[in-house]
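First up is the structure itself, then whatever we jot down about it.
All values reported here derive from a predicted model rather than from experimental measurement. FYI, side chains are in, hydrogens and waters are out, and symmetry mates aren't considered; it's all heavy atoms of this structure.
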Amino acid sequence: MKKWNVVIVLGAAQFVMVLDGTVMNVSISTVVSDLDTSVTAMQAAITFYTLTMAAFMLLGAKLGDVWGRRRAFVIGSCVYAAGSLITALSPSVGFLFLGWSIIEGLGAVLVIPAIAALVADNYRGAARVTAFAVIGAVSGAAVAAGPLIGGAVTTYSSWRFVFVAEVVIMLGVVVCARIITDSTARQRIRIDIVSVLLSSAGLVLIVFGMLQSKTWGWVVPLYTPEIAGVPVAPLGVSLTTWYIALGAALIALFIGWQRRLIRLGRPSLMQPDLLSITTLRSGLSVLGAQYAVTAGLFFMVPVYLQMTLGFDALETGLKIFPLSVSLILFSIVGTALSRRWSPRRIVRVGQSILVLSAVLLLGSVTEDLRGGLFAVGMFLAGSALGLLASQLGNVNMSSVSEKDTSEAGGLQGVFQNLGSSLGTALIGSLLIGALSTSFASGVAVSDLPSDVRETVSAATDRGVTVVPAADVAGIGEAAGLSDEDSSELADIYRESQLSSLRVSFVGLILISLLSILFSRGIPAHVSMRRRDGADAAAKP
């Protein structure tokens with residue numbers, strides 16, 4: 001039993017890291033009310049929590065090499081606990097953003113790469129495969145349990161106690177960290193600040209551009225920001241396009257800068273050649289797509305359940321329960337199947353089920369989402385995500401040599417959290433953007449009086465705020481509309497929310513289909529050995 005105590009401690013930290021990505025989603029309406037904020041602000045907070053991790057994960061991995069992986073793990077756990085405490089005590093969304101999205105994220109960039117590297121340090125052979133599978137299953141369990149934990153705690157107490165519990169768990173992790181072996185020698189290197197700035201700025205610009213697409217538009221400007229009264233839309237193109245293009249250019253410049261540092265014999269933040277390893281590149285790409293689907297699903301479904309149907313946090317968690325059960329179950333099934341099936345076969349089965357589940361969920365979209373088809377779709381989505389979670393950690397970490405495990409762990413954290421950020425930003429923007437478009441169109445062709453249509457059009461020219469559908473009629477009456485007009489406006493808004501949910505599910509289908517293209521480099525043999533000179537994964 002003693003040898004598994006290490007993975008228990010690391011698994012506890014992993015559980016908390018992943019839990020935060022889902023536990024808040026089912027509490028959106030309560031947090032919006034408690035902190036007097038909006039769904040759009042919560043979307044930004046959720047997005048930037050994972051974006052902070054993605055932007056600085058490579059730095060965190062490098063600091064683990066410099067400080068020592070166990071020391072980085074302990075420092076990161078303490079920082080994370082401090083962020084959780086600030087979040088628990090937040091009087092406003094600004095403090096929540098600081099504690100959760102920034103400080104917790106910065107703690108996680110030290111913890112997540114260290115977890116992967118310390119598993120590799122403490123286990124060998126079949127035990128290592130099992131340990132990585134356990135960490136993957138713990139991640140799946142955290143994704144699954146998050147909605148239920150968040151829902152129950154929020155409904156019967158307060159969402160703040162979730163973060164209080166995180167403080168206690170992370171302090172326990174710090175106390176127990178002394179049992180973890182850190183056998184890798186520390187590196188005496190200087191961290192290149194230019195590399196940190198290029199990589200973090202590039203990722204932030206890409207994700208922020210997607211986040212703002214619901215307001216700015218993708219290519220053709222919807223709403224153009226102004227500076228000193230001058231519209232900012234270079235060449236008549238939306239700022240979304242420019243932000244994404246500039247971010248991509250900075251990432252390309254970052255890669256070129258890393259190659260230059262290596263040529264000069266100077267320490268780099270990342271080894272670009274690692275991405276030429278087919279197995280690692282495929283594993284990371286599939287991982288990013290998996291987390292994009294997960295984050296998108298866990299944002300749009302709770303928003304619809306709470307803002308349209310009026311569910312509380314616990315009811316929302318129970319609605320997602322089929323996914324929670326199957327995700328945990330099939331994480332275990334995937335681990336067992338790995339003794340007979342190759343990782344590629346398991347991953348592709350999971351991806352195919354994920355596409356099928358997204359199609360079923362699209363077909364289940366009705367006004368109340370009470371059909372059995374929705375439950376089946378959620379169960380299948382969870383089973384697909386569980387199969388993927390059981391394989392990808394070991395695929396990625398087994399594709400590199402011993403000395404590169406920390407950096408591979410950092411890259412895994414980057415893709416995992418970048419996928420989550422993009423999923424929340426992209427699917428959330430599709431949801432809110434489609435709501436604005438559908439609502440404006442519905443009002444324009446409605447039987448509402450012309451002056452009412454003009455008033456509503458003027459009030460929503462910069463987008464529509466997501467509010468509880470039950471409140472729309474009251475908002476209309478407060479604005480001077482008649483009972484009949486207010487009721488019609490509420491019906492239009494409710495139908496627009498339903499339409500936007502359909503658009504979001506189409507987005508999930510496209511991401512799921514795209515991820516299948518990434519899996520061709522996943523190993524097609526049953527057993528995997530750590531990559532060394534003789535067992536190097538094929539390069540294109």
*Indicate yes or no for a side-chain donor-acceptor contact from Ser90 to the backbone of Ile86 under 3.5 Å, with no hydrogens or angles considered.*
yes
*Roughly how far apart are Phe505 CZ and Met300 CE, rounded to 0.5 Å?*
3.5 Å
*Check: Leu323 main-chain N/O paired with Ser326 side-chain donor or acceptor under 3.5 Å*: yes
*Partner set under salt bridge (charged side-chain N to carboxylate O under 4.0 Å, His left out) for Arg160, not counting sequence neighbours*: none
*So which heavy atom on Pro234 is nearest to which on Val232, and how close?*
CD-C, 3.9 Å
_Strictly distance-based, threshold 3.5 Å: is any side-chain N or O of Ser519 a donor or acceptor partner for the main-chain N or O of Ile522?_
no
_Keeping Ser421 on the side-chain end and Leu51 on the backbone end, is there a donor-acceptor pair under 3.5 Å?_
yes
*Spatial distance of atom CG (Leu327) from atom OG1 (Thr294) [nearest 0.5 Å]*: 7.5 Å
*Check: Phe330 and Val325 side chains under 4.5 Å, non-hydrogen atoms*: no
*Would a 4.5 Å heavy-atom cut-off, applied to side chains only, mark Asp491 and Val472 as touching?*
no
*Non-hydrogen side-chain atoms of Phe321 and Leu148 separated by less than 4.5 Å*: yes
*Any side-chain heavy atom of Leu361 sitting closer than 4.5 Å to one from Ile509?*
no
*Would a distance-only check, ignoring hydrogens and angles, find a side-chain to backbone donor-acceptor pair under 3.5 Å from Ser282 to Phe518?*
yes
*With a 4.5 Å limit on heavy-atom distance, are the side chains of Lys319 and Phe311 in contact?*
yes
_Pairwise distance CG(Leu205) to OH(Tyr243) - rounded to 0.5 angstrom_ = 7.0 Å
*Is the shortest heavy-atom distance from the side chain of Trp216 to the side chain of Pro221 under 4.5 Å?*
no
*Starting from the C-alpha separation in whole Å, work towards a yes-or-no answer on side-chain contact (heavy atoms from CB on, under 4.5 Å) for Gln497 and Tyr493.*
CA-CA 6 Å; Gln497 287 184 315; Tyr493 186 81; 3.2 Å; yes
*Where do Gln351 and Ser515 come nearest, in terms of heavy atoms and distance?*
NE2-O, 2.8 Å
*asked:* Show the nearest heavy-atom pair for residues Thr241 and Val237, with the distance to one decimal.
replied: CB-CG1, 3.6 Å
*Please name the pair of heavy atoms, one in Arg281 and one in Leu275, separated by the smallest distance, quoted to 0.1 Å.*
NH1-O, 2.8 Å
*Would you say the side-chain atoms of Ser500 pair up with the backbone N or O of Ala434, donor to acceptor, closer than 3.5 Å?*
no
*asked:* Would the distance check show the side chain of Ser441 and the main-chain N or O of Ser438 forming a donor-acceptor pair, the cut-off being under 3.5 Å?
replied: no
*Rounded to the nearest 0.5 Å, how far does CG of Leu106 lie from OG1 of Thr52?*
6.0 Å
*Please report the C-alpha distance between Phe299 and Leu431 in whole Å, then the side-chain angles of each, then the deciding distance to 0.1 Å, and finally whether the side-chain contact (heavy atoms from CB on, under 4.5 Å) criterion is met.*
CA-CA 10 Å; Phe299 179 78; Leu431 180 75; 4.3 Å; yes
Ignoring hydrogens and angles, write down the donor-acceptor pairs under 3.5 Å from the side chains of residues 14-21, residues two or more places apart or on other chains.
{"unit_1": "Gln14", "atom_1": "NE2", "unit_2": "Ser139", "atom_2": "OG", "d": "2.8"}
{"unit_1": "Asp20", "atom_1": "OD2", "unit_2": "Tyr80", "atom_2": "OH", "d": "2.7"}
{"unit_1": "Asp20", "atom_1": "OD2", "unit_2": "Trp100", "atom_2": "NE1", "d": "3.4"}

_Separation between CG of Asp312 and CG of Leu318, rounded to the nearest 0.5 Å_ = 8.5 Å
*So, the side chain of Ser429 versus the backbone of Leu211: is there a donor-acceptor pair under 3.5 Å, distance only?*
yes
*Indicate yes or no: at least one non-hydrogen side-chain atom of Ile206 is less than 4.5 angstrom from one of Ile251.*
yes
*Any chance you could lay out the side-chain contact (heavy atoms from CB on, under 4.5 Å) test for Leu287 and Gln290, step after step, and finish with the verdict?*
CA-CA 5 Å; Leu287 183 72; Gln290 172 202 346; 3.8 Å; yes
*If you look at every heavy atom in Arg344 and Ala524, which pair is closest and at what distance?*
CZ-CB, 3.7 Å
*Assess whether side-chain hydrogen bond (donor to acceptor under 3.5 Å, both in side chains) is satisfied between Thr424 and Gln43, documenting all intermediate values.*
CA-CA 7 Å; Thr424 304; Gln43 181 199 9; over 6 Å; no
_I'd like to know whether Leu96 forms a side-chain contact (heavy atoms from CB on, under 4.5 Å) with Met24, so could you lay out the CA-CA distance, the side-chain angles of the two residues, the decisive distance to 0.1 Å, and finally the verdict._
CA-CA 11 Å; Leu96 181 136; Met24 187 66 86; 4.0 Å; yes
_How close do Thr50 and Asn417 get, counting heavy atoms only, and between which atoms?_
O-CB, 3.2 Å
*So, Thr154 and Ser27: side-chain donor and acceptor under 3.5 Å apart, yes or no?*
yes
*Inspect the surroundings of CZ in Arg520 and state if more than 12 heavy atoms from other residues, nucleotides or ligands are less than 6.0 Å away.*
no
*Hey, does Phe298 have a side-chain heavy atom less than 4.5 Å from the side chain of Ile46?*
no
*Kindly say whether Ser496 contributes a backbone atom to a donor-acceptor pair with the side chain of Ser499 at under 3.5 angstrom?*
no
Which pairs of donor and acceptor atoms, one on a side chain in residues 373-393, lie under 3.5 Å apart (sequence neighbours left out)?
{"unit_1": "Ser383", "atom_1": "OG", "unit_2": "Leu380", "atom_2": "O", "d": "2.7"}
{"unit_1": "Ser390", "atom_1": "OG", "unit_2": "Leu387", "atom_2": "O", "d": "2.7"}
{"unit_1": "Gln391", "atom_1": "NE2", "unit_2": "Gly334", "atom_2": "O", "d": "3.0"}

_Short side-chain to backbone donor-acceptor contact, Ser38 and Ala41, under 3.5 Å_ = yes
_Gap separating the OG atom of Ser420 from the CE atom of Met53, nearest 0.5 angstrom_ = 7.0 Å
